[in-house]
Each structure stands twice: as C-alpha cells, then as structure tokens.
J.: 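Take this structure, written in structure tokens, and hold onto it; I'll ask about it next.
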Amino acid sequence: MIGHPGGIKSSLEARCNRILVDMEGALTARDRVGIQDFVLLDSYTSESAFLDNLRKRFHENLIYTYIGTLLVSVNPYKELGIYTKKQMDIYMGVNFFELPPHIYALSDNAYRTMLMENNNHVILISGESGAGKTESSKKILQFYAVSCPRTSLLDNVRDRLLLSNPVLEAFGNAKTLKNDNSSRFGKYMDIQFDFQGEAVGGHILSYLLEKSRVVHQNHGERNFHIFYQLVEGAEDGLLRWLGLERNCQLYRYLVQGQCAKVSSISDKTDWRTVRKALSVIEISEHLFGVIASVLHLGNIRFEADARGYATLNSSTEMHWLSKLLGVHVQVLREGLTHRKIEARAEEVLSPLTAEHAIYARDALAKAIYGRTFAWLVNKTNESLANKDSTRKTVIGLLDIYGFEVFHVNSFEQFCINYCNEKLQQLFIQLTLKSEQEEYEAEGIEWEAVPFFNNKIICDLVEEKHRGIISVLDEECLRPGEASDLTFLEKLEEKLGGHPHFVTHKLADQKTRKTLERGDFRLLHYAGEVTYCVVGFLDKNNDLLYKNIKDVSLGFLQVATQFKSSLAGLTEILMSKEPWYVRCLKPNNSKQSGCFDDVLVRHQVKYLGLMEHLRVRRAGFAYRRRFEVFLQRYKALCPDTWPHWKGKPADGVQRLVIHLGYRPDEYKMGRTKIFIRHPRTLFATEDAFEMCKHKLGECPSYVPHPPLWSSTSSATKIEACWRGMQARKERERRTWAVKVIKRFIKGFMNRNQPVCVDNAEYLTFVRQNYLIRLKENLPKNLLDKNTWLTPPPIMQEASRILHQLYVRLLVRKYILFPECNSHHLSQLQLKSLTSALFKGKKESYPQSVSKPFVATRISKEPFGKTVLGPTFYSVLVVKYDRNGFRPRQRQLVLTQAAAYLVEEAKIKQRVEYGSLKGVSVSHLSDNFLIIHVSCDDIKQKGDLVLQCDHLFELVTKLSMLANKASAIKVVQGSIRFDIHPGKEGFVDFRSGQETMVYRAKNGHLMVVSVPYCNSATINAFGGVHRPSRHIQYYNANMFTIPMSTH
Ligand SMILES: Nc1ncnc2c1ncn2[C@@H]1O[C@H](COP(=O)(O)OP(=O)(O)O)[C@@H](O)[C@H]1O
Ligand SMILES: [Mg+2]
C-alpha cells in the first residue's frame, strides 16, 4: 500500500481497505481457489504451475483467470449460470482486481476507459476452433446491450446489434468436427458509442467465407446451418413456395457429411430465432428463394451423351431454379452445359463434359451463396448504421475462425491458419515486442524475455514474389498447363530449405514417411499442419465459366484478396487500444469437466501466455509521458500546484515522493513514468477525485495560489462576460432599427406596385392576412358571414381561398357526417324549407343564411307533464278570427299537436291529425294561416298568425305533423274558416310600408315591403333593417312591437 501524507493518505488507505473488505466479501471460498491473476503466481516461470492453477480453477468451474489485464478463458462446455443480469450489475463500474475475473469485467473496463479517454478500443478474442471465441464475443455484446445507458430510440439499435448475431451465425457457421457451431467466416464488429456512452450503431466486416462447404462437407460435418433450418423449420407454405420438401435427405448438398441431424442443434428453434431477427433487420423472404435455389442446384444431375457431353434432364429442378433466380430456363441450361470461349472477336459456346458441368454447377452454387452472404452483411450494416455524423468512439470485437487442423487440410485451412498466424503476430507486436522495445528505449533496466516471433511464418506465406500466396497467384495466372502439382513444384523450388516448410521431396527419410506426394507441411506457431494441394488453384481462382458469370459474378484471386483484407484488418486493430481474451480448449471431445493437460499445455505454449506473463510480471502496468502525468495529478502536491516551473520529470518525481510511492512501485524512464501495479494508479486516481471536491469546497486546502489571485481572475472573467453580453445587445438593437425603418417605408408605399421599398412589407401583409384568416375561418357551411375582408393585394387570393374553403367544408360535411350531426339536422330542415318555399315566397332568400334554432322560448310555459315533451316553441301574434284583433301568444309544438298558449293557459289545441294545411302568401310578410279540420266541432276554426320566424316555424310544423304537402304558398287572398260554415279572408299586397289592417271589405289586409326595398346597405357593408312594427289598421288603438329575432 502507498504511504500518503495527510488527508490523501488516510483516505487512500481507507479506500484500499474497503476494497480489500469488499474483495473478501465478494470472494466465496470457491472464488479463492488458485490464483485469480497469474501475475501473482510465485513460480511464474513454471509452465506446470501455470497449468496447475488453470486446472484447479477449471474443476471449480472458474473458467476465467487474468494475466494482468489479459483474460484467459477455458471453455467449460456447459452452462455455468454466470452470465445473468445480476452478474452484469455486479461487474458494472468496478475495477479489475476488485472482483473475481470475468469477461464482463474486461468488457466494462474497456468501456469505461473508452469513455474516460475518449478513444477507440478493440477486444481481440483468439484461440483455436471450438475454444469459445464466438461465445465470448456474444457475452460481451450482451453485456453492452444491458449495461449501457438506454433510451427507447436506441433500443432499436441495441436489438439489431444483438440480433445480427444469430443471423450471421445461421449463414456463416456450420458444424465441423471441432465445433458444432464453428464460424466459417471471420468477423470484426464495431460497436459505436456516443459521448454519453450510449450504443448508437454498429458495423461489421466479414472475412473470407468458406464457400466450398456449400457443395462439399467432410464426413461428420454439415453445410451452413441455414439450409437445415430452412428445411426443418420453415412453414409449409414457404416450403411449397420454394419447391422444397421437409426432408434434408433429399438434398445432395446437405447429406455428404452424413450427419444432417445433430443432437446439440435444434434447427427448428434456431429457425424461429433467425426468422424473427431477419424481420427486425428488415430483410425480406426473398432471401430464402436464393438459399433454396442452391439446394435445387445441388440436385441437378447431368448425363453424358454419346460424345461424352453433358445433358440435363431434371426439368423440375430447372423449373424451380428459373423461378427462384429469375433466370430463363434456357439461359440456365446453356450456362450449366456449355462454356463461352472467346475466339478472336467472337464468342463461341463449347459443350462441357459431364464432369465439367458438375464443376460449373458447384461453382455457381458457391458463387450464389457467397454473394448472398456478402449481401446479407451489407444489409445488416445498413440496418445498424448510425445516421448521426457526430464523432463516435468504438469498441471493436474481433471473433475470427480459430486455428484448425483436420485429417486432410485444404486451401480453406491454409487461409484460416494464415489468418491466425497474422493475429498472433499482431499480439506479439503489441505486447511482447513493442513492450520490451519501449523499456529499452526508455532506459528502464530490463532483462529481455525471449519469445518466439512468428513473423518468419507470416513472411513464408505472404512475402511478395517469394511467399506461398505469390507462388499460388503466379501459377493461377500463368499461361499453359498449370496444376496443383506444378504449384507444389514451384513451392519446392522457391521455398526449399525454409525451416518452416517441408514437402515429401524436401523431407528427410523419417519425415517423408508422414507425407504424401501432393502434400506440403507448414510449421505454424500453433503446430504442424499438412496441407493437401488438391484444389488450391481452383479455389484460389474461384472460377466460374464466363457465361455463368454473366448470370452472376466477377473474377477474384482469393488468397491475395484475403491477404490484403487481413492487412486492412491489422491496420484497424493497430489503431485502437487492445484488450485480449485468450480462449483455451480443455479437450478435443467437447466434454465438460475434462481437462486434457497435454492439449492445454500446448495451447498455453503456442499462444505465448508464459512469455506474456513474464513480461507482465517484470514489467509495468501503466505508463504515461511525464507532462501528461504531471498535468493530471499536479493538484495532489503543493510543490507542483498550480504550476511546476522546472523539468516535467523532476515535477513527477516530486509528486510521487509526496504521494508516497515506494521505489519498487514505479520507474522513471527517459520520457515516461512507469507504474508497476494497477492498484497504485487506481489509488492515485481516487486521491485525485477526492482532491477535486476538496478544491471546490475549500480553496485554502492547497496553500497556493493565494486567494487574491483567484478573486482577480473572477473579476476578469466577469468583465469579459459583461462585455460580451453588451456587444450582443448592441447588435440586437442595430438590427431592430433596420427592421423598423424598412417596415415604415413599406407601409408608406403599400399601394404602389411591388418594388424594393414595399416588397417586404407586402409579404408581411400577405402573411399576416393569411395567419389571421386561418384563425378566423367560418366554422360551418351555413356560416356565410364570417370571412375576413382581405387587404387590396389579397382580393383575388381571398376569393379563390374562400371558394376552396367552402368546397372543403362541403367535402368534410359529406365525408364525416357523424362529426356534423347538428349541422346535418340543420341542413335537412333547411333543405325542406327550400323545397317548400324556394322560388315561391319572396322573402325566402333572406332566410337562408339564418340558422334555425332548437326552440325560441327556453322557459317552458308548462311542466313537461302537461303537454308532453316540447319540440319547439315560438312567440306569435294571433289575429282574432272576428275583428282581427292581434294578441301575443306562444305557439308550442309537441309530438302530437300544436298549442296556442297565453301565459300558462292553453287557448287552442290543434292535433296534427286535424291539421288540414298551412297557407302563406308569396310576398315578404310573415303571416301564416293554419287550417284545421271543420268536421271537428270542438275546433274553434282556422288560426291567423304572424311570426318573425315564419320559415323556421312552418318547416318544423310540417316536419312534426308530417304535412309537407299541405303547406301552400298562395298568390292573392287566403280564405280561412272563422268557424265551420263561416269564411274569412286575408289579402296580401306589397307596399312602401309594412301594415296590417282590417280593410273595408272586411278582409284582413297585410301590406309588406319587398325584401330588396326594405334593406339598405350601411356604411360598414352590413345589412341594416329598420325595426318593424305591426300596425293595426286603427293605428291609434294599439301597436305591438316585436323583436326582429
Ligand atoms: N463460456 C461458455 N459457457 C458455456 N459454453 C461455452 C462457453 N464458451 C464456449 N462454449 C461451448 O463451446 C462451443 C464452441 O464455442 P465457440 O465460441 O463457438 O468456439 P469458437 O468460436 O472459438 O470456435 C459453444 O457452442 C458452446 O457449446
Ligand atoms: Mg467461432
């Protein structure tokens, strides 16, 4: 523990003690088995001690152990229950050494360092096939999905990131002898985080898919999972659409390994997962059409005709292929049985032998699948893409196919193992080599740790002109009869004598026995692998006959392409801060609880774990340039705060002495300080955190600087701030003056044609009118008066807008009657009024714009019980049948009858059954005569009424009584029954003045002023009417004023 003076010291000790207690608490007895970090191993140079520790922990299901910050993981081959949400929570935000080793700890530390240092990181997962790389990468991804801060928007990205996994596994993984879910492509995935640490996007790079698997599988192996998932899991309808049957045995491409069914794999369940994932990534079902076409292609058979040329019989397969690929049958047939040869400027079709046709078919299948895979990766990337262009930091995840050795190894194994060779080289570069070189450069006392540098093998494979890939390419491109064997001969010629390369011909007696003539053997970093050259040329060419290429594909030189994509990958990885997960395989039989010492020892050896441990052990966990270190921690020491005037190295020295670093805890290099253990740094970092708060609370905590200097700084800052505010205000005012001036000028010129002076103002007027218009639109169709008067420049626009708006209202009215039930009933009534009076009564047009109301007298003269529910009531003037004396009454309409009421007294009841009709004149008066049936002696006779709401009343009456046909508009006089047997008359005429009087002939004379005369237009454009008075013929007797409404 570091001895710190004063407050820092005691708080640091408290913190360290707490950590220790936490560790004790967190560690169960089981967790304490062996050593959690190999760095703490006493006999750290002993391979056996290393292995013992691994084994001990493995048997306690402790699969993770650190070497510093590198994580060693041993595949348990069983579920351990250590990947729960609870576990994730435990590991969030905790430093490495505080909890038992876990992949979550590594993930979390990488994440937090990324956020803190704002830089990019990469987690390199390596190990041989089946060691648990893919599982590790999934655990890391899941950890980020759960642990990063989340918003609902980003859940989408998160889901897609997670779901991209099962999809790419279905299409890119397969069962091999080493692993039931072996990745047959390399995958590098970037997870992008924004500055808040939210996962906002992702990007995947894929590397060389093992396409040969599509058409051929070794015994005990399968094709890519997706084929089996499709056949086993797809819904009947989909299978039918693809022309497939639910039986893997029917497809030649699926049965060559003779293990279509595997107990550890549930194709049906996986299918459902993949299906769902595809829909989230938004990939359509047409993808399955392409996959199915590969299966159909595999079932195509050729026969040889008399001359040995291929003929094609299977027309059902051709039919499905043509349908699924959208290529005409004839084109396909030709493509599969002929090849196009360019002879001078012409292209000639030359027939293929049956054997060549099979080759062409398989090449097409591989090409289709390879392209589909590339397309899928692209689509996935589109769906993961982050559209926001602000800077992101990333954590890369590299999960690439592991080193593998089979009984027979071909071109694919060559590429895969070369790839692992490159990664090992990178690991060496970044850890063993550069680390040691740095110590040397910094003049740190250092005893070199020897290690095997596999660069020599990388060169053997990739060197220009001399390397295996160059030789292979040359052979592929060479005119003349090149073959796999001539390639082997060239290799022997160029590489004979290389310590890591041997062939049958080059080998000594003893080794020769273990090699076939067509083999070459490479001594990889991870062991010897014997490759069989058969197929190398073909696979490197990835050749399709030219006419099939027309159907689908271009030309690639595979190994070279792979080489350059690996170079690209190396660059990507080098540019980021690396973290390592080294996966080990405990046994070769995929069994849980079985730890094969020899196998594990071999891996520990070739992965260079012992060397890594020795470098770690002898080396330093942390280093920073003096300037950077001093800048960050100078506040921790009074001598260095606020400024250190001397050399940075001296400042750092002063600082660490003040902090109480012990001499063995750190070393001063030429430009950097090296700190041996992470815990020393963590303690310093904690002290710094605390110091920041203390500085905030109490400025006198640090003796310098004196208080006055901070006061003057504050004044300075304040002055600057005020200055800036004032400048902003001045700008705002200048701007305002300009705007006001322009406005006044525009107003003065508003009636001129559009010119520079008024253009802006007129635009303002236009906008302003439109905005006001928008807020004052008529609410319904019947409202004819509300339309804002436009300014002169908007006259025409206003007219058009009005038209359009009325049309819109009509349309709304028709389309959404339910929203207009009130208007609808209004319209029905109005249309009835129109039917009754339009073109018949002079004053009708004037009534159109006046809406009808439910009732005119809100206070009911009687309780509901007397008359029953009232539908309508209105004030009327009733003229006595004898003498025509006017009396004010209420007319009340109920469901069954009309009542004439005086105050609370029913004066007359007219049942609708006995209502004969209603007559009105054709002029502008508002008289109506209600004719009642004379057979009824109880009836008093017809009613002569005057009503200000004539149209409303008559319409409602005719509706309620259902007597529309009995409403008459009469020209001239109306005859009525005073009482049965005695008749009276009302005469109508137009005049200058409204009058009602008893004429000399004993008739009631009604004089009305025609509508157009009675109205004058007022100065405001509105219609103004003189108030009307009903005048009795004997005007001096009495007059009843009536309201106009
Ligand atoms: N951490 C783990 N917990 C449980 N089983 C694991 C774990 N890692 C690997 N396995 C098992 O080992 C198999 C192979 O692992 P995988 O990650 O596919 O290997 P690799 O990608 O290295 O070839 C997995 O299918 C799984 O059954
Ligand atoms: Mg894998």
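In each ligand, atom 1 is the first atom listed, and ligand 1 is the first ligand listed. Start at 1 with the first residue, then count along the sequence.
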J.: Do you see a donor-acceptor pair shorter than 3.5 Å between the side chains of K422 and N454?
T.: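 Note: K422 and N454 side chains miss the donor-acceptor criterion.
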
J.: Pick whichever of T134, N75, L80, N179 has a heavy atom sitting closest to atom 12 (O) of ligand 1.
T.: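 That would be N75.
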
J.: Near the Mg ion (ligand 2), is there an N/O/S atom from S183 that is less than 2.8 Å away?
T.: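 Of the N, O and S atoms in S183, at least one lies under 2.8 Å from the Mg ion (ligand 2), which means yes.
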
J.: Does any N or O of ligand 1 fall below 3.5 Å from an N or O anywhere on I63, backbone included?
T.: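 It does not: no N or O of I63 is found under 3.5 Å from an N or O of ligand 1.
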
J.: So is Y401 in contact with ligand 1, going by heavy-atom distances below 4.0 Å?
T.: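 For ligand 1, residue contact (heavy atoms, under 4.0 Å) with Y401 is absent.
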
J.: Tell me whether ligand 1 is touched by G402 - counting only heavy atoms on the residue side and a distance under 4.0 Å.
T.: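 Checking ligand 1 against G402, which is what was asked, there is no heavy-atom contact under 4.0 Å.
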
J.: A cation-pi test, strictly: NZ or CZ of K139 under 6.0 Å from the centre of the six-membered ring of Y83 and no more than 45 degrees from its axis. Yes or no?
T.: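 Yes - K139 lies over the ring of Y83, closer than 6.0 Å to its centre and within 45° of its axis.
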
J.: State plainly whether the residues K56 and D52 are in salt-bridge range, i.e. N to O under 4.0 Å.
T.: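 No salt bridge links K56 with D52.
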
J.: Both conditions, 6.0 Å and 45 degrees, for the charged tip of R582 above the ring of F427: are they met here?
T.: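 Ring-cation test returns yes.
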
J.: With only distance considered, is K133 within less than 3.5 Å of ligand 1 through an N or O on each side?
T.: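 Yes, since at least one N or O of K133 sits under 3.5 Å from an N or O of ligand 1.
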
J.: Checking ring pair (Phe, Tyr, Trp, His ring centres under 6.0 Å) against F185, which of F224, F373, F171 comes through?
T.: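 Among the candidates, only F373 passes.
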
J.: I'd like to check which ligand 1 atoms, numbered from 1 as shown, lie under 4.0 Å from a non-hydrogen atom of S129.
T.: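 Numbered from 1, ligand 1 contributes 23 (O).
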
J.: Ignoring angles and geometry beyond distance, decide whether Y64 reaches within less than 3.5 Å of ligand 1 through its nitrogen or oxygen atoms.
T.: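 Min N/O separation from ligand 1 is not below 3.5 Å for Y64.
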
J.: Applying the side-chain contact (heavy atoms from CB on, under 4.5 Å) criterion to F193, which one of N386, V394, N120, T393 satisfies it?
T.: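 Of the listed residues N386, V394, N120, T393, the side-chain contact (heavy atoms from CB on, under 4.5 Å) partner of F193 is T393.
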
J.: Just let me know how F403 lines up against ligand 1, side chain, backbone, both or neither, with a heavy-atom cut-off below 4.0 Å.
T.: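 F403 to ligand 1: no contact under 4.0 Å from either part.
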
J.: Under a 4.0 angstrom heavy-atom cut-off, which atoms of ligand 1 come close to E128?
T.: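 Reading through ligand 1 atom by atom, the close ones are 22 (O).
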
J.: Let me know which of R272, K268, K261 forms a salt bridge (Lys or Arg N to Asp or Glu O under 4.0 Å) with E232.
T.: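 Per the salt bridge (Lys or Arg N to Asp or Glu O under 4.0 Å) rule, the option paired with E232 is K261, out of R272, K268, K261.
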
J.: Is there a heavy atom in G127 that sits closer than 4.0 Å to ligand 1?
T.: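 Under 4.0 Å: no for G127.
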
J.: Check whether NZ of the Lys or CZ of the Arg R222 lies under 6.0 Å from the centre of the six-membered ring of Y228 and within 45 degrees of that ring's axis.
T.: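 Judged by the rule (NZ or CZ under 6.0 Å from the ring centre, within 45° of its axis), R222 counts as positioned above Y228.
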
J.: Between E404 and K585, does any NZ, NE, NH1 or NH2 come within less than 4.0 Å of an OD or OE carboxylate oxygen?
T.: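 Between E404 and K585 there is no salt bridge, as every charged N stays at least 4.0 Å from the carboxylate O atoms.
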
J.: Provide the number and element of each atom of ligand 1 under 4.0 Å from a heavy atom of N181.
T.: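 Listed by number with element, the hits are 18 (O).
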
J.: Backbone, side chain, both or neither: what part of K139 comes under 4.0 angstrom of ligand 1, heavy atoms only?
T.: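 For K139, no heavy atom sits under 4.0 Å from ligand 1.
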
J.: By the definition side-chain hydrogen bond (donor to acceptor under 3.5 Å, both in side chains), identify the one residue from Q425, Q429, Q424 that meets it with N453.
T.: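 Only one of Q425, Q429, Q424 forms a side-chain hydrogen bond (donor to acceptor under 3.5 Å, both in side chains) with N453, namely Q425.
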
J.: Look at T134 and state whether any of its N, O or S atoms is less than 2.8 Å from the Mg ion (ligand 2).
T.: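 It does; at least one qualifying atom falls short of 2.8 Å.
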
J.: Among L607, I63, N75, L599, find the residue that satisfies the side-chain contact (heavy atoms from CB on, under 4.5 Å) test when tested with L584.
T.: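 When L607, I63, N75, L599 are each tested with L584, the side-chain contact (heavy atoms from CB on, under 4.5 Å) holds only for L607.
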
J.: Is there at least one pair of N or O atoms, one from Y77 and one from ligand 1, spaced under 3.5 Å apart?
T.: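 No - when backbone and side-chain N and O of Y77 are compared with those of ligand 1, no distance drops under 3.5 Å.
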
J.: Tell me the protein heavy atom at minimum distance from atom 23 (O) of ligand 1, and give that distance in Å.
T.: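 In this structure, atom 23 (O) of ligand 1 has G130 N, 2.7 Å as its nearest protein heavy atom.
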
J.: For P76, is at least one N or O under 3.5 Å away from an N or O on ligand 1?
T.: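 In this structure, P76 places no N or O atom under 3.5 Å from an N or O of ligand 1.
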
